[in-house]
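Quick caveat: nothing in here was measured; it's all calculated off a predicted structure. First the proteins, then the strands, lettered A, B, ... as listed; each starts at 1.
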Amino acid sequence: MMGKLETMTAAVDAPLLAVDGLTKMYGARVGCTDVSFNLWPGEVLGIVGESGSGKSTLLSCLAGHLAADAGRVVFATRDGPRDLRALSEPDRRRLGRTDLAYVHQNPRDGLRMGVSAGGNVGERLMAVGARHYGSIRDAALDWLGRVEIDEGRIDDRPSAFSGGMQQRLQIARSLVMAPRLVFMDEPTGGLDVSVQARLLDLLRGLVREMGLSAVIVTHDLAVVRLLADRLMVMKGGQVVEQGLTDQVLDDPQHAYTQLLVSSVLQV
Amino acid sequence: MREAAYNFAYLDEETKRMIRRAILKGVAVPGYQVPFASREMPMPYGWGTGGVQVTAACLVPEDCLKVIDQGADDTTNAVSIRKFFQRTAGVEVTERTAEATLIQTRHRIPEAPLSEGQILVYQVPIPEPLRFLEPSETETRKMHALQEYGVMHVKLYEDIARNGEIATSYAYPVKVEGRYVMDPSPIPKFDNPKLHRSSALQLFGAGREQRIYALPPYSAAVSLDFDDFPFAASKAPHDCDLCGAAESYLDEVIIDDAGGRMFVCSDADFCRTRREAGHAGQLAAGEAA
């Protein structure tokens, strides 16, 4: 009994993503500087801050879209912990298709606009070797259902979809491989409030159901309140405060966080 | 009958050397697109400038040349290229597939099986099979290097989703020796099985795009498909109306303004050889009369 318990705690003891001293400079300007945090399996981390605070830079560095200047990003791959910055490009790209996923703010950046919804969802499956049309289509139908897109729309192109549907399709496309870590950059940006609410509801369901670990960048405090377990507040490229979401939002310590929380309009 | 003012086969020897090096590299890495310094040729891009340069680099005075355009030897493109090499290289020319040592082709592979020692040169408009899915050249090179070919199946998936079957009917992508995905030039997919383990050396030249690639003899070229939608080499469901052949690729010819049509072999040499051997199709008698 003891042995089993020990191995279980050992598994949970290792963070899924351990970031240490991550720094990205744009010439003399600061992108983000000395960011360190651990993300644990099944945890959702929110990153908030005003425009230009470095949150999107940080996310791009984590996902490998931007090359950071210093620091370590250690991801617990299926073969043990690896520093993503030191991975070879083929390995990083392979990881980007299987274990990692990235949801763009603008669905047009994450979707193939000239390819049908089914093809968009199935692309990753085909990229890792799925060669059975019927089963690819079944998986696509299943995922369209999960993101509440009508099955009859499977052969329509994303350009015929509304903004909210495009975003949901992008989420289906990203999650079809059951990634272990999802990066989301303003997933609700540019959507009207009722569509936002539905998307948040959906995301929350998926996160709970799949036990997803996620890093969500947003400037919308309501989004992190609903989705994130923990919160990091950024300003001027630095993390000024971090803690449990409710704790940070209800009892903000840093002057900037206090300003941020008090700036939200109450209707 | 070569005009003395030209070097043999038009190109200077240094250029031929450069092209031969690219060809050798292509043969060494089957299916890989080798960049080469394509020259201006005395014909417009799209008329086979890549194929002509490969042919010029391979020709020797003892060669017997055949030029095919859409299966026929007497169409504009074939006639002008054949004349070009008669004038600049003075080599023997033929219309018979079996007699030729070097065949330059556009859009077809001859029906008659090719043999060892023959070279088949294809004219290629767009050598990059990933081009219409990924516009960036640096990205497509990276995708080839890392064998990221999933997107090719997205294209086939789209075909099935829209048309109920793989509707791509020409320039059908093949995987060469289990490694590189290759565009076989706009040959009908009916010809794809002939690429596979062919006895002849197959060379592909794209002049405007400045790429050469190759299928060495007996190399594997497998058409991409799905397990539940396997590749099928399709043709019009008819026999040739002139020679009666049931297994050759057919052209549909409109013969009047009342909807009348006939189907004839696209490979003119194949059709003539069969008719000379006494085969006749439905409309052959009418033609004779």
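More than 12 heavy atoms of other shown residues, nucleotides or ligands fall within 6.0 angstrom of atom NE2 in His104(A). Residue Tyr170(B) qualifies as open at atom OH: its count of foreign heavy atoms under 6.0 Å is 12 or below. Crowding of Arg21(B) atom CZ: a count of heavy atoms from other residues, nucleotides or ligands under 6.0 Å not exceeding 12. The number of heavy-atom neighbours closer than 6.0 Å to CZ of Arg197(B), taken from other residues, nucleotides and ligands shown, is above 12. Few gaps surround NZ on Lys235(B); more than 12 heavy atoms of other groups in view lie less than 6.0 Å from it. No more than 12 heavy atoms of other residues, nucleotides or ligands sit less than 6.0 Å from atom CZ of Arg17(B). Surrounding CZ of Arg153(A) are more than 12 heavy atoms belonging to other residues, nucleotides or ligands, all under 6.0 Å away. Summarising the local packing, CD of Glu247(B) is surrounded by 12 or fewer heavy atoms from other residues, nucleotides or ligands at distances under 6.0 Å.
Your options are Ser135(A), Ala127(A), Gly118(A), and the one with the most heavy-atom pairs under 4.5 Å with chain B is Gly118(A). With chain A as the partner, the residue from Glu139(B), Lys155(B), Gln147(B) showing the most heavy-atom pairs under 4.5 Å is Glu139(B). Chain A forms the most heavy-atom pairs under 4.5 Å with one residue out of Asp225(B), Leu224(B), Leu133(B), Ile160(B), and that residue is Ile160(B).
Looking at Arg94(A), neither its backbone nor its side chain comes within 4.5 Å of chain B, counting heavy atoms on both sides. Neither the backbone nor the side chain of Tyr149(B) has a heavy atom closer than 4.5 Å to any heavy atom of chain A. Residue Leu125(A) does not touch chain B at all, counting heavy-atom pairs closer than 4.5 Å.
Of the possible polar contacts, none joining the Asp228(B) side chain to the His132(A) backbone as a donor-acceptor pair under 3.5 Å is found. At distances below 3.5 Å, not a single donor-acceptor pair connects side-chain atoms of Glu123(A) with backbone N or O atoms of Val151(B).
Here the closest heavy-atom approach between residue Arg137(A) and residue Ala161(B) is recorded as NH1-CB, 3.9 Å.
Using a 30° and 60° split on the angle between ring planes, Tyr133(A) and Tyr157(B) fall in the tilted class, from 30° to 60°.
The pair Glu148(B)-Arg124(A) fails the salt-bridge criterion, with no side-chain N (NZ, NE, NH1 or NH2) lying under 4.0 Å from an Asp/Glu carboxylate O.
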message: Walk me through whether Glu89(A) and Lys142(B) qualify under salt bridge (Lys or Arg N to Asp or Glu O under 4.0 Å).
response: CA-CA 10 Å; Glu89(A) 186 165 11; Lys142(B) 203 171 278 179; 3.3 Å; yes
query: Where do Arg93(A) and Met143(B) land on the side-chain contact (heavy atoms from CB on, under 4.5 Å) test, with the steps shown first?
result: CA-CA 10 Å; Arg93(A) 284 171 75 116; Met143(B) 290 162 86; 4.2 Å; yes
query: Going through the checks in order, is the side-chain contact (heavy atoms from CB on, under 4.5 Å) test met by Asp155(A) and Arg162(B)?
result: CA-CA 7 Å; Asp155(A) 292 332; Arg162(B) 296 229 176 91; over 6 Å; no
